[in-house]
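Working notes, beginning with the structure itself.
This one's a predicted model, so the numbers in the text were calculated from it and none came from an experiment. A note on names: the letters A, B, ... follow the listed sequences, proteins ahead of strands, and every chain is numbered from 1. Keep in mind that the numbers below use all heavy atoms, side chains included, and drop hydrogens, waters and symmetry copies.
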Amino acid sequence: MRTGNTRTKINPQLRRKYIWAYIFILPQLLYFLLASMYPIVMSYVYSFYEWDGLGPLVNFVGFANYAELLRDDMFWNSFYNALIYGVSATALTIVVSFLLALVLNDASMKGRSIYRTLYFLPVVTVSSIIGIIMNNIFGIQGFANQFLQSLGWIDEPIRFWLDPVLAMIMLILVGSWKHIGVVMIYWLAGLQMIPADLYEAAKMDGAGYWKMLMKITLPLLKPVSATILLLTFGGSLHVFDLVKTLTDGGPYHHTETIELFIYQYAFATQFGGARVGYASAAGVYLGLFVLLISLFFGWLGMKAGGDGKKSKLAGRGGEA
Amino acid sequence: MTSSKTARAIIHFLLIAVGIVWIYPFVWMVSSSLKDNVTFYKAAINPIPEVFMWENYSRAWDVANISQYFVNSVVITLSTVVIVVILSCLTGYALGTVAFPGRTAMIGFIVSLQFIPKGYTIIPLYQLVKFLGIKDSYLGLIFAESSGAHVLFILLFAAFFSRFPKEIEESALIDGAGFVKTFARVAMPNSMPIVATAAIMQFIWTWSSFLTPLVLTITKPGLKTLAVGMLSFTELYGTDWTGMAAGATISLVPVILVFIFMQRYFYEGISGAVKS
């Protein structure tokens, strides 16, 4: 660090600098404690109460909400749905975005910035609008059905949103479509970290495209890939906007994910009065689950980057 | 990497073919926004409207409240961007340039935030906004949207300022500029690429944000943002698909413009965030 920190003879100039640094940090810190830390703590507190969100917080029930959730079939249903969505959408997103990044990383590729923009477009699109558009395109009289019928591939229109399995598949496809662009950027960042001279040396040794891909690109991407997997999977478990606007959990809760389950208990009245404590407990379960997953991927990343590469990455972070 | 000309051609062909399917929903949206309701249903395949119904736009804008939602979105998004960028820039500057006591702990604290299970903090956040008495106001929405630790932006700023040449700072000091003056006159103006990165990313996030405005406008529909307003459009005017397509097109224009003109910074920002 730039300055030695001797407690006895601290010069006034330095002290002024420290004070200014604290002043600079203070607003963010206060804001953070109030608007992030407080809600995190309170969501744990609420989870121990039976509370409708309106009156005083008095009805302490201990772990009753947690226990009840474990016996709630709808909770498990939403948990499984979130997992099915998370795993499938992550797999699809990771593979397609990686292929795109490989192709679009090539500097000699013509028009690559146009392709990047084009494939990135769904990322910047508002989810609720995606919901409206997709609902229409794949509606019973929508474009997709008219198109398939005009080709003579189907006789009857497909009921995309009314079949439990098809609705989930649609959700996975649309969700992946929305996120592939941003994950592609993550991969591109990872690819650009690989030193170009490695490829040059390999080429001199007569290595072809596949050999370089298998021996250089893939192994060196391992540490980054753990981060990318974590970001993508963690994010997909929290899916809310798309589910709410595409299927709203239907048909018959078949696409209801855990965030939607929580939302319905916390804010909607269809179950007869909000149950904020119950919803909070479900949120804590989800949070803990995501934490476990993160730790697992973090551990994977450490293992993958165990040989020197990791310290380089950590060094970059340490600069900050 | 060299690959044969045929392989190249095949890749281009695939990228274009898939690309057309990829952006088809947007083409559909814009073309539907210009159709009349009959052609919309009967000739969904034909992307070119028979007559261009520009009045769909004025209908969406006036009747369906899109103008109101648009103003709400602009006010909330711009305020949030300003607040978030200022807060993370100040924090990043302090962390990047001063080795104050507690700095390492502070960085550790900020980074660890990413890993705290957030559960469903929208519930207590809603309660907090209610408690502060700013529930049904712009202030409440802006407050909620600007919350979060902005770990990414803070680290981007900190990394940038820590690499800032020390000589420039020192010469500013010799010229009699104090900490704040050096920051405002020298460091800050030079950090415009990072400011732009953070501003664009925050703009896109806030503009598309859905859950927070959905929850916070439950009791005050007049405050709805475009992202939420579009949903109630479906609920209220379920049959007016062409008007809805016009509304959807309007609400995508700002975010797409921001993205197209600033995408260089956007890519750099995301890449930087992944790398560090």
Side-chain angles (χ1 to χ4, degrees), chain A residues 1-3 5 17-18 20-21 24-25 27-28 31-32 35-36 38-40 42-43 46 103 106 115 118-119 121 124-129 132-133 136-137 141-143 146-147 150 185-186 189 193 209 240-241 245 262 266-267 276 279-280 283-284 286-288 290-291 294 316-317 319-320, chain B residues 1 3 11 15 19 22-23 25-26 28-29 41 44-45 87 90-91 93-94 98-101 107 115-121 123-125 128 143 147-149 155 158-159 162 179-180 204 208 210-211 215 218 227 230-231 234 241 244 248 251-252 255-256 259 263 267 270-271 274-276:
Chain A
M1 298 307 98
R2 284 175 186 176
T3 37
N5 180 15
K17 220 174 159 186
Y18 289 166
W20 273 115
F24 269 45
I25 286 174
Q28 173 78 67
Y31 203 170
F32 162 70
S36 299
Y38 170 81
I40 290 172
M42 286 317 278
S43 72
Y46 292 161
V103 172
D106 190 343
Y115 286 129
L118 193 145
Y119 283 93
L121 207 55
V124 295
T125 308
V126 180
S127 288
S128 55
I129 290 171
I132 291 167
I133 298 175
N136 252 281
I137 291 185
Q141 294 177 310
F143 166 80
Q146 288 195 21
F147 184 68
S150 75
I185 306 292
Y186 298 164
M193 279 161 69
Y209 184 83
F240 175 79
D241 315 12
T245 54
I262 297 171
F267 298 105
V276 175
S280 298
V284 172
L286 175 64
L288 289 178
V290 173
L291 181 72
S294 311
R316 281 193 64 97
E319 260 175 33
Chain B
M1 261 174 268
S3 48
I11 287 175
L15 281 174
W22 205 265
I23 57 161
F26 299 101
W28 178 89
M29 180 185 79
Y41 280 113
I45 306 181
L87 289 183
L90 290 177
T91 310
Y93 186 70
V98 187
F100 59 88
I107 292 174
F115 302 104
I116 292 176
K118 286 198 192 71
Y120 212 68
T121 50
I123 303 168
L125 192 59
L128 177 65
F143 175 82
S147 75
L155 293 182
S162 75
F179 189 79
V180 180
I204 291 175
S208 339
F210 184 70
L211 179 61
V215 167
I218 285 178
M230 286 310 297
L231 188 71
T234 338
W241 289 113
M244 219 170 301
S251 60
L252 281 189
V255 72
I256 285 177
F259 173 67
Q263 56 172 312
Y267 286 135
I270 298 187
S271 303
V274 174
K275 282 187 214 165
S276 59

So does A/Ser36 get a backbone contact from the side chain of B/Ser147, meaning a donor-acceptor N/O pair under 3.5 Å?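 Checking the backbone N and O of A/Ser36 against the side chain of B/Ser147, no donor-acceptor pair under 3.5 Å is found.
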Polar side-chain atom of A/Tyr119 near backbone of B/Leu15 as donor-acceptor pair, under 3.5 Å: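 Indeed, once roles are kept as given, a pair shorter than 3.5 Å links the two residues.
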Decide side-chain contact (heavy atoms from CB on, under 4.5 Å) for A/Thr125 and B/Val255; before the verdict, give the C-alpha distance in whole Å, the side-chain angles of both, and the deciding distance to 0.1 Å. CA-CA 8 Å; A/Thr125 308; B/Val255 72; over 6 Å; no
Shortest non-hydrogen contact between [X] and [Y], atoms and distance:
X: B/Phe100; Y: A/Ala21; value: CD2-CB, 3.6 Å
X: B/Ala94; Y: A/Ile25; value: CB-CG1, 3.7 Å
X: B/Ile123; Y: A/Ser280; value: CD1-OG, 3.8 Å
X: B/Pro25; Y: A/Ile137; value: CA-CD1, 3.8 Å
X: B/Phe143; Y: A/Ala35; value: CZ-CB, 3.8 Å
X: A/Pro39; Y: B/Pro124; value: O-CG, 3.1 Å

Interface moiety of A/Val124 toward chain B, non-hydrogen atoms closer than 4.5 Å: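 Both parts, backbone and side chain.
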Given a strict heavy-atom distance threshold of 4.5 Å, which part of A/Ile129 is in contact with chain B: side chain, backbone, both, or neither? side chain
A/Phe24 and B/Tyr93 aromatic ring geometry - parallel, tilted or perpendicular at 30°/60° bounds: tilted
Straight-line distance of A/Ile133 CD1 to B/Leu252 CG, nearest 0.5 Å: 6.5 Å
Enter the distance from B/Thr91:OG1 to A/Tyr31:OH here, rounded to the nearest 0.5 Å.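 Here the interatomic distance stands at 12.5 Å.
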Counting only heavy atoms closer than 4.5 Å, note whether [X] contacts chain A via side chain, backbone, both or neither.
X: B/Ile218; answer: side chain
X: B/Phe26; answer: side chain
X: B/Ile23; answer: side chain

Can you find a pair of side-chain heavy atoms, one from A/Trp20 and one from B/Val98, that are under 4.5 Å apart? no
Evaluate the criterion side-chain contact (heavy atoms from CB on, under 4.5 Å) for residue pair B/Met230 and A/Ile132; output intermediate values, then yes/no. CA-CA 8 Å; B/Met230 286 310 297; A/Ile132 291 167; 3.8 Å; yes
Out of A/Val290, A/Val103, A/Val276, A/Leu118, return the one with the most heavy atom pairs under 4.5 angstrom to chain B. A/Leu118
